[in-house]
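Reckoned from all heavy atoms, side chains included, excluding hydrogens, waters and symmetry mates. Both counts, for ligands and for their atoms, begin at 1 and track the order of listing. Along the sequence shown, residues are numbered consecutively beginning with 1.
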Amino acid sequence: MPHDFMPGLAGVPAARSAVSDVDGQAGVLEYRGIRIEALCEHSSFLETAWLLLFGRLPTQEQLTQFTKDVTCHRRIKYRIVDLIKCLPEHGHPMDALQAGVAALGMFYPGRNVTDVENNYWSAVRLIAKLPTIVAAYARLRKGDDYIPPRDELNFSENFLYMLTETVPPKIWVETFDVCLILHAEHTMNASTFTGLVTASTLADPYTVVASSIGALKGPLHGGANEEVVEMLREIGTPGRVRGYVEQKVQAKEKIMGFGHRVYKVKDPRATILQEVCGRLFKETGTSPLYDVAVEVERAAAEHFEAKKVYPNVDFYSGIVYDKMGIELEFFTPIFAMARAAGWLAHWFEQLKENKLYRPEQIYDGEHNRPYVPIGER
Ligand code: CMC
């Protein structure tokens, strides 16, 4: 049956899912029916990950067990550390993460994706080990030693510790955990779809997550958070914002961190991140980038409101990470660490009713062309 071609599959459902939902007109995002505002206020990243994976909030006993399982699996094999050491020091950390995750699959070769228990342990390992790989590359590429995880530190605390060798202040830990919750899931986006296409071949979960990481890297998706901070640094001061925005509008160029396929209002995650910035800066002092960002939002509103183009999650997240001294290139890997929970939740869901993705194309090439010998072309 012929279908209309929808570039970018815009508006085309690719799966049935109960993992999360976005109301793009009202600016509402729910994970398993619970609004993200409530999760950011009351939950933790690991509890939210469990919610996404298993469809309901865990009991205390379930959360304790899951936290213990993840904590026990944070270490990475020395061969993965050796692999990371061999990567070029100027390589992008998303590539290092993708390579590290793909290599993980070689150490845990259970390929039977109908084995529910094995799938649980794969999900635990991936959620536990991604931060260790990210932090290991951040240190090893600068010639510093890899810092192994510390079991007594919670998920976010431990990641920041592995990056800096310092137990971070409480406000950093709380802020970072909220950032992970906000990035944990977002319906049928490019990286989730990529993972599901790979998963539909019954590939192992390490390959699934490695392929999602590849899709997340691009600047139209997760890579935008890096470009936002580059842009804010380039602008430099609030006084230079208007000129910059005018010039972008004239050149018909996009402003990174703005616009979304689904949201036609401000992304609720951007609103929460602004509140988070407020709380963080109260304790640590403001960020000059934040002042520039607020001015960009104001100036952009004058041009983009008619097109319903507003700040998305990537507009404020980089400012938070920058304030914590995290290098620009690690913003998207942090997004991936969080989004692994969402990717795996969709993977669990799809395995219950898997069907190989094999869409159609509309062929608009020629037919019956002669083969011309090379000397006559
Ligand atoms: N700056 C200026 N104008 C924009 C922007 C922007 N960032 N985004 C969309 N528009 C305009 C666009 O020029 C077009 O105008 P016109 O109809 O006059 O040609 C209209 O809005 C529709 O844009 P589109 O690119 O066709 O819409 P889309 O649904 O394909 O794009 C998007 C969604 C996210 C790719 C796009 O908004 C974009 O490129 N944004 C910048 C990159 C970015 O911030 N990405 C992060 C997305 S959210 C987090 C994530 O998914 O990882």
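- Some N or O of G257 is nearer than 3.5 Å to an N or O of ligand 1, by distance alone.
- Nearest approach of I181 to S44, heavy atoms of both residues: CD1-C, 3.7 Å.
- Listed by number with element, the atoms of ligand 1 under 4.0 angstrom from any heavy atom of A224 are 43 (C), 44 (O), 45 (N), 46 (C).
- Protein heavy atom nearest atom 49 (C) of ligand 1, with residue, atom name and distance: D314 OD2, 3.2 Å.
- Under the 4.0 Å distance rule, the nearest protein heavy atom to atom 29 (O) of ligand 1 falls inside the cut-off.
- Of the candidates K142, R141, K217, R141 is the only one forming a salt bridge (charged side-chain N to carboxylate O under 4.0 Å, His left out) with E329.
- Closest of all the heavy-atom pairs between S200 and Q350 is N-NE2, 3.3 Å.
- Aromatic ring centres of W50 and F54 lie closer together than 6.0 Å.
- Inside a 4.0 Å radius of atom 19 (O) of ligand 1 there is not any protein heavy atom.
- In terms of protein heavy atoms, atom 34 (C) of ligand 1 is closest to G259 O, 3.8 Å.
- Under 4.0 Å is where a charged nitrogen must lie from a carboxylate oxygen, and between D82 and K85 at least one such pair does.
- Selection from R339, H221, K307 by nearest heavy atom to atom 15 (O) of ligand 1 gives K307.
- In this structure, Y120 has its ring center at least 6.0 angstrom away from the ring center of F348.
- Between the side chain of T132 and the backbone N or O of R75 there is no donor-acceptor pair closer than 3.5 Å.
- When each atom of ligand 1 is checked for a heavy atom of F335 under 4.0 Å away, the hits are 52 (O).
- Within the listing of ligand 1, atoms 28 (P), 29 (O), 30 (O), 33 (C) sit less than 4.0 angstrom from a heavy atom of R261.
- Remark: the Y316 side chain and the E297 side chain contain an N/O donor-acceptor pair separated by less than 3.5 Å.
- Within the listing of ligand 1, atoms 52 (O) sit less than 4.0 angstrom from a heavy atom of G222.
- Given atom 25 (O) of ligand 1, the protein heavy atom at minimum distance is K254 NZ, 2.6 Å.
- Looking at L220 against ligand 1, both its backbone and its side chain come within 4.0 Å, counting heavy atoms.
- When heavy-atom distances to ligand 1 are checked against a 4.0 Å cut-off, F315 has no atom that comes that close, whether in backbone or side chain.
- At most 12 non-hydrogen atoms from other residues, nucleotides or ligands lie less than 6.0 angstrom from CZ of R79.
- Looking at atom 40 (N) of ligand 1, its nearest protein heavy atom turns out to be F258 O, 2.9 Å.
- A donor-acceptor contact closer than 3.5 angstrom is absent between the side chains of E327 and Y321.
- In terms of protein heavy atoms, atom 10 (N) of ligand 1 is closest to V309 CG2, 3.7 Å.
- Judged by distance alone, the side chain of N312 and the main-chain N or O of D267 form no donor-acceptor pair under 3.5 Å.
- What sits closest to atom 42 (C) of ligand 1 on the protein, heavy atoms only, is M256 SD, 3.6 Å.
- Centroid-to-centroid, the aromatic rings of F193 and Y357 come within less than 6.0 Å.
- For ligand 1, the polar-atom distance check against V313 finds no nitrogen or oxygen pair separated by under 3.5 Å.
- Between H186 and Y263, the ring centre distance stays below 6.0 Å.
- Remark: side-chain polar atoms of S20 are not paired, donor with acceptor, to backbone N or O of E185 under 3.5 angstrom.
- Protein heavy atom at the shortest distance from atom 47 (C) of ligand 1 is N312 ND2, 3.6 Å.
- With a 6.0 Å radius and a threshold of 12 heavy atoms from other residues, nucleotides or ligands, E152 has its CD atom above the threshold.
- Counting only heavy atoms, the protein never gets under 4.0 Å from atom 22 (C) of ligand 1.
- Under 4.0 angstrom from ligand 1, the non-hydrogen atoms of H260 come from both its backbone and its side chain.
- Between L216 and ligand 1, no pair of N/O atoms sits closer than 3.5 Å.
- On a distance-only criterion, I255 and ligand 1 share at least one N/O pair closer than 3.5 Å.
- Looking only at heavy atoms of the protein, atom 3 (N) of ligand 1 is closest to F304 CE2, 4.0 Å.
- Checking atom 52 (O) of ligand 1 against the protein gives a heavy-atom contact under 4.0 Å.
- Of the N or O atoms in E253, none lie within a sub-3.5 Å distance of an N or O in ligand 1.
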